[in-house]
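Down below is the structure, laid out as structure tokens.
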Amino acid sequence: MYFVYVLQSLKDGRLYKGMSEDVEERLIQHNRGENRSTKGFLPWKLVYSKGFTSRLEAREYEKYLKSGVGREFLRRIV
């Protein structure tokens with residue numbers, strides 16, 4: 001199973017969107033500073049995730065969340 005997840009920085013409130021097969025382990029990696037694009041905004045908390053049966057579906061949904069319409073959707077739910 002593939003998951004699209006959204007993290008929120010507790011430092012400045014910014015959102016990060018990603019995809020993983022193991023969201024909990026991925027959150028740990030982000031909070032250890034192992035991701036270059038997120039390590040300057042530690043710590044992170046998981047605010048949204050959605051599961052998909054295929055990698056392709058998950059990737060398409062991740063792209064949607066990164067679009068203008070997807071960002072609006074996230075503003076309303078977070």
Side-chain angles (χ1 to χ4, degrees):
M1 188 126 189
Y2 296 90
F3 295 90
V4 174
Y5 62 91
V6 179
L7 305 179
Q8 184 173 36
S9 170
L10 297 177
K11 182 176 184 177
D12 68 359
R14 75 180 58 214
L15 299 178
Y16 176 85
K17 300 107 186 157
M19 183 178 73
S20 177
E21 290 183 75
D22 186 347
V23 177
E24 291 169 11
E25 178 59 30
R26 192 69 181 117
L27 176 60
I28 291 167
Q29 291 170 353
H30 282 290
N31 280 325
R32 276 195 216 130
E34 295 177 14
N35 185 309
R36 206 156 125 208
S37 61
T38 60
K39 76 179 192 177
F41 308 99
L42 300 172
W44 294 89
K45 70 175 180 174
L46 181 66
V47 293
Y48 179 77
S49 70
K50 184 172 179 175
F52 296 89
T53 55
S54 79
R55 183 170 172 33
L56 181 61
E57 287 176 309
R59 181 68 182 121
E60 288 299 315
Y61 191 69
E62 180 188 14
K63 284 181 184 179
Y64 161 73
L65 291 180
K66 291 179 177 182
S67 73
V69 176
R71 284 193 302 270
E72 267 307 308
F73 165 74
L74 287 173
R75 272 191 216 116
R76 281 183 275 137
I77 66 166
V78 172

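Along the sequence shown, the residues carry numbers beginning at 1.
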If you look only at distance, which donor and acceptor atoms sit under 3.5 Å apart when one is on a side chain in residues 67-78 and the other is two or more places apart or in another chain?
| unit_1 | atom_1 | unit_2 | atom_2 | d |
| --- | --- | --- | --- | --- |
| S67 | OG | Y64 | O | 2.5 |
| S67 | OG | G70 | N | 3.2 |
| R71 | NH1 | K66 | O | 2.6 |
| E72 | OE2 | R75 | NH1 | 2.3 |

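When the side chains of ILVMFWY residues are joined at heavy-atom separations under 4.5 Å, either directly or via intervening members, V6 and F52 end up in a single hydrophobic cluster. V23 and L65 fall into different hydrophobic clusters, where Ile, Leu, Val, Met, Phe, Trp and Tyr side chains are chained together by heavy-atom contacts under 4.5 Å. Follow the hydrophobic side-chain contacts under 4.5 Å out from L56 and you never reach Y61; the two are in separate clusters.
Taken from NZ in K17 to OG in S49, the straight-line distance is 15.0 Å, to the nearest 0.5 Å. The distance from the OH atom of Y2 to the CD atom of E57 is 11.0 Å, given to the nearest 0.5 Å. Between E21 atom CD and F3 atom CZ the span is 9.5 Å, to the nearest 0.5 Å. Atoms CZ and CG, on R32 and L27 in that order, are 10.5 Å from each other to the nearest 0.5 Å. With rounding to the nearest 0.5 Å, the separation of CG in L42 from OG in S9 is 7.5 Å. Rounding to the nearest 0.5 Å gives a distance of 7.0 Å between CG of L10 and CD of Q8.
Nearest heavy atom pair, residue G40 against residue K11, reads O-NZ, 3.1 Å. Nearest heavy atom pair, residue E62 against residue G18, reads OE2-CA, 3.5 Å.
No more than 12 heavy atoms of other residues, nucleotides or ligands shown are found within 6.0 angstrom of CD on E24.
Side chain of W44 to main chain of H30: no donor-acceptor pair is present (N/O by atom type, distance under 3.5 Å, no hydrogens or angles).
Geometrically, R26 does not engage Y5 in a cation-pi contact defined by less than 6.0 Å to the ring centre and at most 45° from the axis.
Using a 4.5 Å cut-off on side-chain heavy atoms (C-beta onward), L7 and T38 make no contact.
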N35 vs S37, side chain to side chain donor-acceptor pair (under 3.5 Å): CA-CA, chis, key distance, verdict: CA-CA 6 Å; N35 185 309; S37 61; 2.7 Å; yes
